[in-house]
2 protein chains.
Amino acid sequence: MLLRDEDDDDKCDLILDQYLPYRMAVIAHLMSTGFSKRYSKDFDMTIGEWRVMANLGHLEPQSGHEIGAHSHLDKVQISRAVARLEKKGWIQREGDTVDRRRNLLTLTPEGRRVFNSIGKMALDFEDDVSASLSTEEYAALDRILRKLSKRAESLI
Amino acid sequence: MLLRDEDDDDKCDLILDQYLPYRMAVIAHLMSTGFSKRYSKDFDMTIGEWRVMANLGHLEPQSGHEIGAHSHLDKVQISRAVARLEKKGWIQREGDTVDRRRNLLTLTPEGRRVFNSIGKMALDFEDDVSASLSTEEYAALDRILRKLSKRAESLI
DNA sequence: TAATAATAATTTCATTTGAAACCATTTCAA
DNA sequence: TTGAAATGGTTTCAAATGAAATTATTATTA
């Protein structure tokens, strides 16, 4: 993409502020902490718990394994998030009678209310963040993130 | 940006895959793990250590506080990263004679070689990731990330 | 100038995290 | 079948992390 002297062993023109993976990490972190700082008074939830809830809010029931596949959480994170959410009374687990290794997870009515409430705040927050972009820019970002995501997945 | 029913308490149309902060977090994580998986055989460094090195690679000397201001690391992360890097022999610290609370940090010659080496891999990796984008898309992404970054900073 | 506040950096301690080991169950293959 | 491998999920243990307290120094201000 950019020309640079590949074979000069004495210097390297990497500048952190201009380095894409760093920029992505910083913005993701700003968004995550920005949201949780704004709304931390309203709830107390880890990122893993929130992703489990959001998955179930969208589709129920799902097993931990299914949620993991859709939320970029590993099985340990899922297991712990599920345990905490169950203790809070926000999700229920029921053994799958067909495959008894699996747990089928659903939101409780209370968990659904929590999901709706946080979900709305999250969508408001997203609106707030993306208010800095024009409609065209938003669409371009969507397309670009799709490509980057696909590409980054293939590099794992 | 998008229309949705604000006042319906029974549902929330949040879908994780389409939620910008989530998408940013996933891509940032894919990039970070993708890079470290690819090159983990060549070095052993935390994200904090790498950011400290990258800062010094660009500008020397700097105090921990200055590096923190430029790299979104807090003072504890800096302190620990600096301690580890010093033990590895990659950076040197010298007390500032004007303000004796400050440490002035520089890369050692060995540290500079390490920085150059990793820096080149990082730039190659960035090229690889962004190869999925056209020149126009890359420019658009740059502009959009600038805006998002500014906006997200203001929401902290 | 003495007292107080602010700053740079470190340490402490409790919590979170990740990798690997582990358990129970199911699938595969000889 | 039956033994080996794979799978869903949990536990363990060491390392990483974050918040708050601590130390040492500098800046402020009364």
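Below, chain A is the first sequence line, B the second, and so on; all start at residue 1.
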Rounded distance (Å) that lies between atom C1' of dA16(D) and atom CZ of R84(B): 8 Å

Between dT17(C) atom P and H29(B) atom NE2, what is the distance in whole Å? 12 Å

Decide yes or no on side-chain contact (heavy atoms from CB on, under 4.5 Å) for L107(B) and R112(B), but give the supporting numbers first. CA-CA 6 Å; L107(B) 294 175; R112(B) 165 74 46 189; 3.8 Å; yes

For DNA chain C, determine which residues of residues 89-97 of chain B have any heavy atom closer than 4.0 angstrom to one of its atoms, and list them numerically. R93(B)

Could you tell me the separation between the CG atom of D74(A) and the C1' atom of dG8(D), rounded to a whole number of Å? 13 Å

Could you state the CD1-C1' distance from I78(B) to dG18(D), rounded to the nearest angstrom? 15 Å

Taking K120(B) first and then D124(B), would you say they form a salt bridge - that is, a charged N and a carboxylate O separated by under 4.0 Å? no

Any residue of residues 55-72 of chain A with a heavy atom less than 4.0 Å from an atom of DNA chain D: S63(A), G64(A), H65(A)

Whole-Å distance, D44(A) CG to dG18(D) P, equals 16 Å

Spacing of F125(A) atom CZ and Y19(B) atom OH [to the nearest 0.5 Å]: 6.5 Å

In whole angstroms, how far is the P atom of dT25(C) from the CG atom of L104(A)? 16 Å

In terms of side-chain heavy atoms of V76(B), which of dT10(C), dT26(C), dG18(C) is nearest? dT10(C)

Check whether S149(B) reaches the backbone of R146(B) with its side chain - one donor and one acceptor, N or O, closer than 3.5 Å. no

Between S79(A) and dT10(D), is there a contact of a side-chain N or O with OP1 or OP2 at under 4.0 Å? yes

Hphob cluster co-occupancy, M31(B) + I47(A), side-chain heavy atoms under 4.5 angstrom: no

How long is the line joining CG of N103(B) and C1' of dT26(D), in whole Å? 15 Å

Of the options dT11(D), dA8(C), dT25(C), whose atoms approach the side-chain atoms of R101(A) most closely? dT25(C)

Taking it one step at a time, do K150(B) and E153(B) satisfy salt bridge (charged side-chain N to carboxylate O under 4.0 Å, His left out)? CA-CA 5 Å; K150(B) 204 170 157 188; E153(B) 296 240 29; over 6 Å; no

Write down the distance between CG (L85(A)) and C1' (dG9(D)), rounded to a whole number of angstrom. 16 Å

Side-chain N or O of Q77(A) less than 4.0 angstrom from OP1 or OP2 on dG18(C)? yes

So, taking the atom named CG in N103(B) and the one named CD1 in I78(B), what distance separates them when rounded to the nearest 0.5 Å? 11.5 Å

Pairing nucleotide - dA6(C), Watson-Crick or G-U, each distance under 3.5 Å: dT25(D)

Check: K75(A) side chain, dG9(D) base, donor-acceptor under 3.5 Å: yes

Pairs flagged by side-chain hydrogen bond (donor to acceptor under 3.5 Å, both in side chains) wherever residues 87-99 of chain B is involved - sequence neighbours left out: E49(B)-K88(B), E86(B)-R93(B), D96(B)-R102(B), D99(B)-R101(B)

Of R80(A) and R100(A), the one whose closest DNA chain C nucleotide lies more 5': R80(A)

Would a 4.5 Å heavy-atom cut-off, applied to side chains only, mark E66(B) and S63(B) as touching? yes

Under a 4.5 Å cut-off applied to non-hydrogen side-chain atoms, are H70(B) and L16(A) in contact? no

